[in-house]
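All values below were derived from every heavy atom in this structure, side-chain atoms included, with hydrogens, water molecules and symmetry-related copies excluded. Quick note on labels: first sequence line is chain A, next is B, and so on, each numbered from 1.
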2 protein chains.
Amino acid sequence: MRVLIVEDDPLHRSYLHEAVRAALPECDMVVEAENGQSGEIEARKSRMEHVVMDLQMSERNGIEAARTIWRERPDTKILFWSNYSDEAYVRGVSRIVPEGATYGYVLKSASDERLKLALRSVFVESQCVIDREVRGIQQKSLGNAHGLTDAEYEILVDVALGLTDKAIAQRKRLSLRSVQNRLQQLYEKLDVYDLPDDGMEGWYNLRMRAVAVALLRKVLNSSALERAERELRDSGSR
Amino acid sequence: MRVLIVEDDPLHRSYLHEAVRAALPECDMVVEAENGQSGEIEARKSRMEHVVMDLQMSERNGIEAARTIWRERPDTKILFWSNYSDEAYVRGVSRIVPEGATYGYVLKSASDERLKLALRSVFVESQCVIDREVRGIQQKSLGNAHGLTDAEYEILVDVALGLTDKAIAQRKRLSLRSVQNRLQQLYEKLDVYDLPDDGMEGWYNLRMRAVAVALLRKVLNSSALERAERELRDSGSR
DNA sequence: CTTTGTCTTGCGGGAACCCGCAGATTTTGC
DNA sequence: GCAAAATCTGCGGGTTCCCGCAAGACAAAG
């Protein structure tokens with residue numbers, strides 16, 4: 001068995017290396033990459049079928065790297081190992097995992113034991129392992145208690161990029177009014193109408209406030225914004 | 001000499017511990033804290049005069065912890081050790097460092113050698129050590145080439161929180177028009193008028209776009225937003 | 001004292017946003 | 001196959017935003 005480690009922090013990288021060695025004695029080769037860019041290249045070159053991947057790296061983050069790896073070989077087993085369980089990351093991962101692929105999501109705050117268990121479960125048993133906490137976020141994100149629909153999320157991203165209603169309507173092939181409808185749903189779900197103190201109406205610019213709340217709740221994060229910005233520029237110049 | 005380490009990542013914490021031991025043989029006591037909250041308490045309890053502090057921790061981040069520590073003992077020497085050199089962090093740090101205090105700012109990507117040198121310089125020689133890259137950000141942030149004035153930055157934060165022009169005017173004791181003036185300066189400095197492709201006017205909601213650009217350029221980050229949000233709620237309920 | 005520059009404030013208008021209402025269209029459940 | 005529910009769409013209005021124009025306030029330089 002051969003394992004590829006993609007992680008930009010040297011300390012964490014060597015810790016991971018150690019953990020892989022300990023948890024997977026049948027592993028006879030460990031390759032390290034220090035960002036998503038070189039991670040993709042390494043995976044392609046060596047046809048790696050087992051990857052441990054950090055999210056949030058410079059150059060190219062884990063989600064993008066994982067997407068291209070899976071696009072080339074959908075049976076690759078990937079264990080995500082991340083600091084945070086931001087809804088934006090969780091949503092980003094579930095968005096790209098192909099049909100029937102096996103993957104895992106473990107937080108860096110998890111114990112040694114949990115990490116090693118996850119390594120064995122995912123790589124040897126081909127079993128999906130999602131950290132308890134991450135699972136919670138996933139649930140909330142899907143069950144529309146306070147979670148956003150995909151449609152709503154897309155609108156949120158477009159708004160956050162600074163696009164006009166009209167521009168969004170054009171991009172999404174919708175009428176102006178439909179975009180505004182979606183926006184209103186968004187405002188409700190994000191509790192934008194909650195005022196800090198009553199007696200102050202008109203204190204919030206709803207559009208901006210919605211994005212602020214999304215950022216504070218980690219529904220959006222800057223990494224997701226960067227990704228969206230790049231897509232926007234690409235599609236714009238096409 | 002006694003040193004307090006405030007860092008939430010266990011790996012980095014023990015690495016730091018090691019580095020302190022190696023660089024400062026005269027140090028006879030090292031205390032560790034795993035977030036800003038307990039860092040403050042520990043500093044107060046043990047009257048620590050030397051602190052190594054991570055920025056970006058949960059609970060209470062490094063900037064807030066440093067502020068309260070410095071408020072109680074302005075002669076405390078603090079070495080910030082951070083992953084990023086976001087303008088938001090750099091600005092946040094320079095905003096709270098008291099008159100004549102000695103501090104340092106080193107990136108985690110720096111070499112072993114650089115870290116140890118910084119430890120000695122700051123703690124023993126009482127000399128300020130600012131990482132080259134961070135220094136660059138500082139310059140750019142002050143020299144108004146593309147840097148924002150404090151006034152502009154404050155407006156930016158208020159806008160990013162989702163406040164209306166009127167609300168900002170009231171908070172800042174300005175007229176409506178003055179707020180809008182500052183906003184326009186902001187729009188120019190953030191190049192909001194740059195269109196991805198020409199022939200599309202009215203594609204951007206300037207207010208939102210300005211915040212998006214600020215986030216993408218790391219002039220703002222979510223940690224700064226969280227801080228501002230807390231201040232807003234506090235001042236609102238007062 | 002005058003001049004020049006920066007900062008503030010008011011006015012006014014065009015554009016974008018927010019949203020209730022109501023009809024048309026699509027999706028869903030049975 | 002049909003009714004209920006959810007979505008999409010156009011209209012109209014009230015509000016906020018964006019910004020050019022211009023008049024006052026204040027400080028620094030000539």
Side-chain angles (χ1 to χ4, degrees), chain A residues 142-145 147-195 199-214, chain B residues 142-196 199-214:
Chain A
L142 293 181
N144 60 0
L148 305 185
T149 317
D150 279 357
E152 287 158 355
Y153 182 76
E154 303 243 315
I155 292 281
L156 173 63
V157 172
D158 281 355
V159 168
L161 285 175
L163 295 175
T164 309
D165 288 1
K166 204 184 341 168
I168 299 176
Q170 208 160 315
R171 263 166 73 77
K172 291 280 188 311
R173 317 275 164 120
L174 286 174
S175 75
L176 192 63
R177 191 59 179 88
S178 295
V179 172
Q180 296 177 329
N181 271 335
R182 291 244 237 276
L183 265 174
Q184 276 178 260
Q185 299 168 224
L186 210 60
Y187 296 154
E188 282 188 24
K189 291 218 181 159
L190 292 174
D191 298 328
V192 167
Y193 301 101
D194 278 8
L195 297 172
M200 337 188 174
E201 283 168 38
W203 272 78
Y204 284 138
N205 174 325
L206 298 182
R207 160 177 293 250
M208 194 54 250
R209 183 63 184 168
V211 174
V213 170
Chain B
L142 293 181
N144 61 0
H146 270 285
L148 304 184
T149 316
D150 278 0
E152 288 158 356
Y153 181 75
E154 302 244 316
I155 292 282
L156 172 63
V157 172
D158 281 356
V159 168
L161 284 176
L163 297 174
T164 46
D165 290 359
K166 205 188 336 171
I168 299 175
Q170 206 159 317
R171 262 166 73 78
K172 290 280 187 307
R173 317 274 164 117
L174 287 173
S175 75
L176 191 64
R177 191 58 177 88
S178 295
V179 172
Q180 296 177 330
N181 272 335
R182 291 243 236 280
L183 266 175
Q184 275 178 261
Q185 297 169 227
L186 210 60
Y187 296 153
E188 281 188 25
K189 292 218 181 157
L190 291 175
D191 297 328
V192 167
Y193 302 102
D194 278 8
L195 296 173
M200 338 188 174
E201 283 168 38
W203 272 78
Y204 284 138
N205 173 325
L206 297 183
R207 160 177 292 249
M208 195 53 251
R209 183 62 184 168
V211 174
V213 170

Would you kindly give the [atom1]-to-[atom2] distance between [X] and [N], to the nearest whole Å?
X      : N      : atom1 : atom2 : answer
A/D165 : D/dG10 : CG    : C1'   : 15 Å
A/I168 : C/dA16 : CD1   : C1'   : 12 Å
B/D150 : C/dC7  : CG    : P     : 13 Å
B/L206 : C/dA15 : CG    : P     : 15 Å
B/L186 : D/dC19 : CG    : P     : 12 Å
A/R209 : D/dC17 : CZ    : C1'   : 19 Å
B/N205 : D/dC19 : CG    : P     : 11 Å
A/Y187 : C/dG20 : OH    : P     : 13 Å

Q. Does A/Y193 put a side-chain nitrogen or oxygen below 4.0 Å from OP1 or OP2 of C/dC19?
A. yes
Q.
Base of C/dG12, side chain of B/R177 - is there a donor-acceptor contact under 3.5 Å?
A.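 No.
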Q. From C/dT9, D/dC19, C/dC17, pick the nucleotide closest to the side chain of A/R207?
A.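 Of the candidates, C/dC17 comes closest.
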Q.
For the residue pair A/N205 / A/R209, report whether a side-chain donor-acceptor contact shorter than 3.5 Å exists.
A. no
Q.
Counting the atoms with a prime plus P, OP1 and OP2 as sugar-phosphate, which does A/L174 contact under 4.0 Å by heavy atoms, base, sugar-phosphate, or nothing?
A. sugar-phosphate
(Q) At 4.0 Å (heavy atoms only), tell me whether A/L176 reaches a base, stays on the sugar-phosphate, or touches nothing. (A)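 Contact class for A/L176: none.
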Q: Specify the closest pair of heavy atoms between B/R182 and B/A151, including all atoms of both residues, with the distance to one decimal.
A: NE-CB, 3.6 Å
Q.
Among residues 178-185 of chain A, which ones have heavy-atom contacts with DNA chain D below 4.0 Å?
A.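 Contacting residues: A/S178, A/N181, A/R182.
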Q: Would you sort out whether A/Y187 and A/R207 count as a side chain to side chain contact (heavy atoms under 4.5 Å, CB included), showing the intermediate values?
A: CA-CA 8 Å; A/Y187 296 154; A/R207 160 177 293 250; 3.6 Å; yes
**Q.** Spatial distance of atom OG1 (B/T164) from atom CG (B/D158) [nearest 0.5 Å]
**A.** 10.0 Å
Q: Nearest 0.5 Å please: distance from the CD1 atom of B/I168 over to the CD atom of B/Q170.
A: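 Rounded to the nearest 0.5 Å, the CD1-CD separation comes out at 11.5 Å.
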(Q) Strictly distance-based, threshold 3.5 Å: is any side-chain N or O of A/S175 a donor or acceptor partner for the main-chain N or O of A/S178? (A)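 Side chain of A/S175 to backbone of A/S178, a donor-acceptor pair under 3.5 Å: yes, one is there.
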Q) Taking five pairs at each end of the helix from C/dC1-D/dG30 to C/dC30-D/dG1, what angle separates the two helix axes (nearest 10°)? A)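 Computed angle between terminal axes is 40°.
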